[in-house]
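The shown structure was predicted, so the numbers you read here are calculated from the model rather than taken from an experiment.
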Amino acid sequence: MTTTAQLTDIIAQAIEKLNSYRPDDPLFFSEDMPLDPKYGQLSSLDFVYFLVGLEEGLSEKYGNTIFITDSITQAIGTEPNLLASPAHLAAYLEKTVCHEAK
């Protein structure tokens with residue numbers, strides 16, 4: 001069973017991986033950092049790289065390919081705080097995507 005803390009670690013690893021694409025301006029992970037490109041430090045392109053890293057981390061965790069981009073894109077309209085922080089995103093992933101991956 002994947003916990004919110006484990007998912008937060010996967011999110012942190014995705015941010016770390018994103019930093020390899022932006023070595024001159026690395027992001028420093030915090031549990032309350034905004035992930036929404038509109039309000040945080042991520043550009044739209046950064047967000048795409050972040051999602052790729054997150055999908056890779058989740059796929060590695062579950063041993064099969066996990067696609068979350070569509071799920072997150074659809075949920076943004078109904079889950080207004082989805083990208084407010086890694087904690088919010090981890091809670092969403094725990095109740096949706098990870099539940100389905102079992």
To the nearest 0.5 Å, atom CG of Asn19 lies from atom CG of Asp24 at 11.0 Å
CG of Leu82 to OG1 of Thr96, rounded to nearest 0.5 Å, is 8.5 Å
- Query: Any sub-3.5 Å donor-acceptor pair from Gln6's side-chain atoms to Thr3's backbone N or O?
  - Reply: yes
In this structure, OH of Tyr92 is separated from CD1 of Ile68 (nearest 0.5 Å) by 9.0 Å
### Message
Is there a side-chain contact between Leu58 and Leu7 in this structure, where contact means two heavy atoms from C-beta onward sitting under 4.5 Å apart?
### Response
yes
### Message
Could you check whether any side-chain heavy atom of Leu35 comes within less than 4.5 Å of a side-chain heavy atom of Ile15, counting everything from C-beta outward?
### Response
yes
The side chain to side chain contact (heavy atoms under 4.5 Å, CB included) partner of Leu93 among Ile10, Leu54, Thr4 is Leu54
Worksheet item: Do we see a donor-acceptor contact under 3.5 Å between the side chains of Ser20 and Tyr49?
Response: no
OG1 (Thr65) and CD (Glu56) are apart, to the nearest 0.5 Å, by 10.5 Å
State plainly whether one hydrophobic cluster holds both Phe67 and Leu83, where clusters connect Ile, Leu, Val, Met, Phe, Trp and Tyr through side-chain heavy atoms under 4.5 angstrom apart.
no
Could you pull out all donor-acceptor pairs under 3.5 Å where a side-chain atom in residues 36-46 meets a protein atom, sequence neighbours excluded?
from	atom 1	to	atom 2	distance (Å)
Asp36	OD1	Lys38	N	2.9
Ser43	OG	Leu45	N	3.4
Ser43	OG	Asp46	N	3.0
Ser43	OG	Asp46	OD2	3.3
Asp46	OD2	Arg22	NH1	2.4
Asp46	OD2	Ser43	N	3.1

> In terms of hydrophobic clusters joined by side-chain contacts under 4.5 Å, are Ile76 and Leu89 together?
Replying inline: yes
Shortest non-hydrogen pair, Ser30 vs Pro86, comes out as O-CG, 3.5 Å
Polar contact flag, side-chain donor to acceptor under 3.5 angstrom, Glu31-Thr8: no
For residues 70-91, the ring-ring contact (aromatic ring centres under 6.0 Å, His included) pairs (sequence neighbours left out) are none
Connected via hydrophobic side-chain network under 4.5 Å: Ile11 and Tyr21: yes
